[in-house]
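Data block below; observations after.
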Amino acid sequence: MSEPPVSLSNSKVATGVSGLDEILGGGLPPRRLYLIQGAPGCGKTTLALQFLLTGARQGEKVLYISLSETREEVEEVARSHGWPLEMIEIVELSAIDQQLAAQAQNTLFHTSEVELTETTKLLLDAVDRVKPTRVAFDSLSELRLLSQTPLRYRRQILAFKQYFAGRNCTTLLLDDSSTDGADAHVLSLAHGVIGLEQMAPEYGGERRRLNVRKVRGTTYRGGNHDFVIEKGGVTVYPRLVAAEHHRQYSNENISSGVKGIDKMLGGGLSRGTSTLFSGPPGTGKSTVALKFALAAAARGEKVAMYTFDETLGVLAARAAGLNFELEAMIENGNVTALQIDPAELSPGELASKVQVAVERDGVRVVFLDSLNGYLQSMGEDRFLNLQLHELVTYLNQQGVVTILIVTPQGLLGNMQSPVDVTYLADTVVTFRFYEARGEVHRAVAAIKKRTGNHERTIRELTISADGIDVGPPLADFRGVLTGTPSLPELPKRRARRKNEERG
């Protein structure tokens, strides 16, 4: 005898999956049937077990129905995450098969004609016995094969939907999407659909994405969200939406501590803005950017540094060679330095790390070195500008000073940037090599600054153990920013050359 329906409250059922409840606006509406869809290996079983364990820890009765995996396989997944399964009731296919085999000996009908009905009856008997409020059904592929026809399959899913809803039960149906065209029956009946996707790039670790395709009667964050499976379960990184994050902050400049650099930039870098340092390797862009970051840390501000191209050991050695107190700043907690592996870290995970650093740790300066490495982490470069736009806009609205570094291809002459992000940056500082008097020199120029005045001169940049020095404007040169400058002839030299040509 079934229990009377329980009235539906406005509360939601927490999934227990980090990040997923935020995407769902708090969780799943209760007493409804949801489809978790994805290819084998994308994390459906792990997500379902997290969902059930969350309920069990809250004192709920939960049930895991496994038609595609044995109990030992399910327990192996749980052990890999350190989860106890004592709180979860598990019903597996092997136990059902034994009962069906005994019943099939006493019938004149073919086994396939009664197998679906008997399997369904045994499953529902288990539900009546446990009386769970959360159920995970793994997987629909077995039920689809037992149904044999699309009509029987649809009717069976509809019967499950009505049965579980009448018992105050929130149900997850796991489907590996292995049969083309068969999913439409479940998609139309399910109250919500969550898709999981696993991608294998040409190089590096696999990437996983989650997409909430529908949840009736509630607001959720659509689009693709990166997620990972680690010890402890699934962690989802909600797609960053800059428009949802605002903070009041003071309008002021932060100084680099180098008089020439600050003067060139009209007093320094403005809060709530992003600055792009662009130039070939060795021109000093990372050094000047690092000087800004460490000057802020010396004033007691929190700085987060994300390096793609250099190891932390090389970064520390380079800073020590310039007498920058990077290691001391890291030890006192004002600077956090993370080495990012573009082959392993997804853009969503990186954005989540930055957001946590800003909102939880109070970081006021973010340093990304370089965008070339960030581009490699994207996989598909056509999405770089969109991802970077959201991240930079979010940081600007938090009053953070964002320092971005990009390295164009080549050392001299016509250099091409791997990605054009100059329109995203509020300030652009260009670094170049130039040749003069048989030596290679460095030059620096502030190309634009939206938030105030800046110098329009091109100056020589000198970097040594004694510090950073900015020389006078290179007034006698032309074409310095192209990397192949020329020195115009002086009037007396020009006159002497003309006389020699006449003679």
Side-chain angles (χ1 to χ4, degrees), residues 252-270 273-296 298-299 318-319 321-324 369 401 403-408 410-415 417 422 425-497:
E252 58 181 357
N253 290 329
I254 69 166
S255 170
S256 66
V258 179
K259 184 177 179 180
I261 294 292
D262 293 340
K263 181 180 178 182
M264 178 178 289
L265 291 170
L269 303 181
S270 302
T273 66
S274 58
T275 301
L276 179 68
F277 291 83
S278 175
T283 50
K285 58 186 183 302
S286 296
T287 300
V288 174
L290 182 60
K291 183 63 176 175
F292 269 107
L294 295 182
R299 294 189 295 269
R318 183 162 60 86
L322 296 167
N323 292 322
F324 291 174
D369 186 9
V401 176
I403 298 174
L404 309 171
I405 296 175
V406 66
T407 302
L411 289 175
L412 298 172
N414 185 20
M415 290 169 286
S417 176
T422 54
D426 301 294
T427 304
V428 177
V429 182
T430 299
F431 297 78
R432 289 290 185 268
F433 288 119
Y434 73 97
E435 178 188 355
R437 297 177 294 276
E439 294 182 350
V440 177
H441 298 260
R442 299 183 180 97
V444 60
I447 303 300
K448 78 168 184 178
K449 185 179 182 183
R450 289 173 178 160
T451 56
N453 294 325
H454 64 90
E455 282 193 4
R456 287 163 174 79
T457 58
I458 303 173
R459 296 176 178 268
E460 183 176 3
L461 178 68
T462 304
I463 300 175
S464 66
D466 296 329
I468 300 172
D469 182 66
V470 178
L474 299 173
D476 294 333
F477 289 87
R478 294 178 182 174
V480 173
L481 295 184
T482 66
T484 55
S486 62
L487 184 63
E489 291 183 295
L490 297 176
K492 290 183 179 180
R493 185 182 301 173
R494 188 184 307 116
R496 184 168 58 250
R497 182 176 55 82

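Positions are given from 1, in the same order as the sequence printed here.
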So, applying side chain to side chain contact (heavy atoms under 4.5 Å, CB included) with Phe277, which one of Val428, Thr430, Val288, Thr283 is it?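 Filter result, single survivor: Val288.
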Over all heavy atoms of both residues, which pair between [X] and [Y] is shortest? Give the atoms and the distance, please.
{"X": "Pro280", "Y": "Phe431", "value": "CD-O, 3.4 Å"}
{"X": "Tyr434", "Y": "Arg442", "value": "CE2-O, 3.5 Å"}
{"X": "Thr457", "Y": "Ala445", "value": "O-CB, 3.8 Å"}
{"X": "Arg459", "Y": "Val470", "value": "CD-CG1, 3.4 Å"}

Scan residues 255-269 for pairs that pass side chain to side chain donor-acceptor pair (under 3.5 Å), counting only residues two or more places apart or in two chains.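 Residue pairs with at least one partner in residues 255-269: Ser255-Asp262, Ser256-Asp262.
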Are any non-hydrogen side-chain atoms of Phe292 and Val401 less than 4.5 angstrom apart?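 Of all side-chain heavy-atom pairs linking Val401 with Phe292, none is under 4.5 Å.
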Just so I know, are the side chains of Leu269 and Ile403 near enough to count as touching, which here means a heavy-atom distance under 4.5 Å?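 Sidechains of Ile403 and Leu269: in contact.
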Pairwise distance [atom1]([X]) to [atom2]([Y]) - rounded to 0.5 angstrom:
{"X": "Leu294", "Y": "Leu290", "atom1": "CG", "atom2": "CG", "result": "4.0 Å"}
{"X": "Leu322", "Y": "Ile468", "atom1": "CG", "atom2": "CD1", "result": "7.0 Å"}
{"X": "Ile458", "Y": "Leu474", "atom1": "CD1", "atom2": "CG", "result": "7.0 Å"}
{"X": "Asp426", "Y": "Leu276", "atom1": "CG", "atom2": "CG", "result": "11.0 Å"}
{"X": "Ile261", "Y": "Lys291", "atom1": "CD1", "atom2": "NZ", "result": "11.0 Å"}
{"X": "Asn253", "Y": "Thr451", "atom1": "CG", "atom2": "OG1", "result": "6.5 Å"}

Is it the case that the side chain of [X] and the backbone of [Y] share a donor-acceptor pair, with hydrogens and angles ignored and the cut-off at 3.5 Å?
{"X": "Lys285", "Y": "Gly279", "result": "yes"}
{"X": "Lys448", "Y": "Ala425", "result": "yes"}
{"X": "Asn323", "Y": "Ala465", "result": "yes"}
{"X": "Ser464", "Y": "Asp466", "result": "yes"}
{"X": "Lys449", "Y": "Gly268", "result": "yes"}

Given the rule in the side-chain hydrogen bond (donor to acceptor under 3.5 Å, both in side chains) test, do Thr287 and Arg318 qualify, once you have shown the distances and angles that lead to the verdict? CA-CA 9 Å; Thr287 300; Arg318 183 162 60 86; 3.3 Å; yes
